[in-house]
Amino acid sequence: MSDTFLAHAPRRTFAIISHPDAGKTTLTEKLLLYGGAIHLAGAVKSNKARRAATSDWMEIEKQRGISVTSSVMQFVYAGTRFNLLDTPGHQDFSEDTYRTLTAADCAVMLIDAAKGVETQTRKLFQVCRMRNTPIVTFINKLDRPSQDPFDLMTEIENLLGIRCVPITWPIGSGEDFKGVYDRLTRKVHLFRVQSKGSSVAEVDVTDAKDPSLEAILGERQWLQLQEDIDLLDAAGDGFDLESFRSGEFISPVFFGSAMNNFGVGNFLDHFIEMCPPPGPRATDTGTIETSDKEFTAFVFKIQANMDRAHRDRIAFLRVCSGRYEGGMRVYHVRLGKEMRLSRPTQFMAQERSAVEEAYPGDILGVFDPGTLRIGDTLTMGSSRMFEGVPRFSPEHFARLRVKDPMRRKQFITGLSELVEEGTVQAFAVKGSEKDPILGVVGALQFEVLMYRMEHEYNAPCDLESLPFTHARWVTGDDASPEALERARYGTCVYDSDGQPVALFRSEWELGSAQRDYPKWTFHPAAPLIKATLSGRK
Ligand code: G4P
């Protein structure tokens, strides 16, 4: 495929959300295989043993066998260029995933056919709903004994409140798994076990009305299929592309077995039609269309020390409009100054390649000398800002102390860099600003922080847990966490933008404050605030 072709191909930018073990790594790898980005499955990471080797950058990930950071991968399928944002699947480490989802236009919700909707799926689903991100469902592992597909649909609808529209429908499961029926093309795709599906699978496709199908499926499964087709058709709710793309509560549903490459090609054939193209994005002064000539982008993730040998720091940008060209100077809206994007790169797992041009939907990684922050907007000169990348309410709080006072300088540098990267949130306490309270959504984030302080900044630390459980940004007439503190409801601290935040020790304490101050709103995440206006054009 020529570079020019790649450059101008339509874009689709999406992420996969799932509970650990549902098969996200496997599906990612198979999508890359079908997109020709890899030639033999196993090249990315196919099992826990290999997992450490490629897409995990940080030492801690290797040790724990989990993916803490996210990467971005590209593949081209049927002339469309897909940007797949990889999100960490570990239950505890979700803030990074949440932020990554703000850069995606669509999510694929991957569900294990035996386990149904699991906790992490629910959390990530809620984040997608907050942003009206359209969600396509892929139900995996049909080659294993699975729940009844009608029960799975009901479970998804009841637990997640989204209407399911099956696009494919399974014929049996486990040892009886015979394939899927495609409701749009009215064809049956027959399943064959692929020994771990290391290359693109050939699938036998036959018409659902094919007289020989009964002999292939056996009478029982053939009759069951006819009955299921009638039931689904009678339910009558077809798939409406426009409502789906506009983020209404419907999800097209596919069935397959990623490990066996089964259902992956068929899924991509439909997904390419369904996945919305990069769309308009809201800013503080109205919407930016992808067709706007001006280049605009926002930072959704910062990763320090990705290459330990070079101690670099990379900011990931999502292009929203216009066209990026190599060497271009851009306008950093928050700081009100021009900057050059240094060595923009795209990522394929661990490999990086230089980028000469990028279009809306693309993700760029740029070397950042410390001027970019999560949520920053870059333009060609206008001073509009994209609506913030959400910050989530921490649930665990602690103070960090450097073990060796001689290493205080490294400690301060490390902590401020990791706070900017979003590994933890820091809250200043009046009178002891140098000793902030740190907050995280998942307790594992503290472990990551301690590990990185020791290994990347050579500043081993002790962690002192604090008894807070909730952080709330308070708005409303005369709303003030300072006043709350005076009235002995919570403790008042200040976030990195200087906004006061109330920390509570329990659900009960928060509940009392809410009851006694009914006119105030207690936000679990920082409401959008405009950064420094000085210097903006
Ligand atoms: P994750 O990234 O969501 O955590 O899941 P991952 O792809 O690592 O898959 C978790 C386990 O489920 C792996 O097995 C994987 O092989 C298996 N798996 C994925 N898709 C399918 C499928 O369609 N059918 C079946 N039967 N299994 C599937 P593992 O034993 O943990 O590792 P491995 O040694 O098999 O790779």
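Computed from heavy atoms alone, side chains included, the values below leave out hydrogens, waters and symmetry copies. Numbering of ligands and ligand atoms starts at 1, following listing order. Everything numeric in this text was worked out from a predicted model, so none of it was measured.
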- Message: For Asp148, give me all partners under side-chain contact (heavy atoms from CB on, under 4.5 Å), at least two apart in sequence or on another chain.
- Response: Phe150, Asp151
- Query: Side chain or backbone of Asp21 under 4.0 Å from ligand 1, or both, or neither, by non-hydrogen atoms?
  - Reply: both
- Message: Applying a heavy-atom cut-off of 4.0 Å, say which part of Arg144 lies close to ligand 1: side chain, backbone, both or neither.
- Response: side chain
- Closest to atom 9 (O) of ligand 1 (judged by heavy-atom distance), picking from Ser257, Ala114, Ala22, Gly23: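 It is Gly23 that holds the nearest heavy atom.
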- Message: Using a 3.5 Å cut-off on N or O atoms only, is Ala258 in polar contact with ligand 1?
- Response: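 Between Ala258 and ligand 1, an N or O pair is found under 3.5 Å apart.
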- Query: When only distance counts, is Asn260 in polar contact with ligand 1, meaning an N/O pair under 3.5 Å?
  - Reply: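 No: no nitrogen or oxygen of Asn260 is under 3.5 Å from one in ligand 1.
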- Residues Asp228 and Gln224: side-chain donor-acceptor under 3.5 angstrom: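 Asp228 vs Gln224: donor-acceptor pair found between side chains.
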- Message: Closer than 4.0 Å to some heavy atom of Lys24 - which atoms of ligand 1 meet that?
- Response: 1 (P), 2 (O), 3 (O), 5 (O), 7 (O)
- Message: Using the side chain to side chain donor-acceptor pair (under 3.5 Å) definition, which of the options Asp362, Asp105, Thr102 pairs with Arg318?
- Response: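 Between Arg318 and the candidates, side chain to side chain donor-acceptor pair (under 3.5 Å) is satisfied uniquely by Asp105.
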- Message: Going by the rule side-chain hydrogen bond (donor to acceptor under 3.5 Å, both in side chains), which residues pair with Tyr324 if we only count those two or more places apart in sequence or in a different chain?
- Response: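 If we apply the side-chain hydrogen bond (donor to acceptor under 3.5 Å, both in side chains) test to Tyr324, skipping adjacent residues, there are no hits.
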- Item | Passing option when Met153 is tested against Ile139, Leu232, Val165 for side chain to side chain contact (heavy atoms under 4.5 Å, CB included) |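 For Met153, the side chain to side chain contact (heavy atoms under 4.5 Å, CB included) check succeeds only for Ile139.
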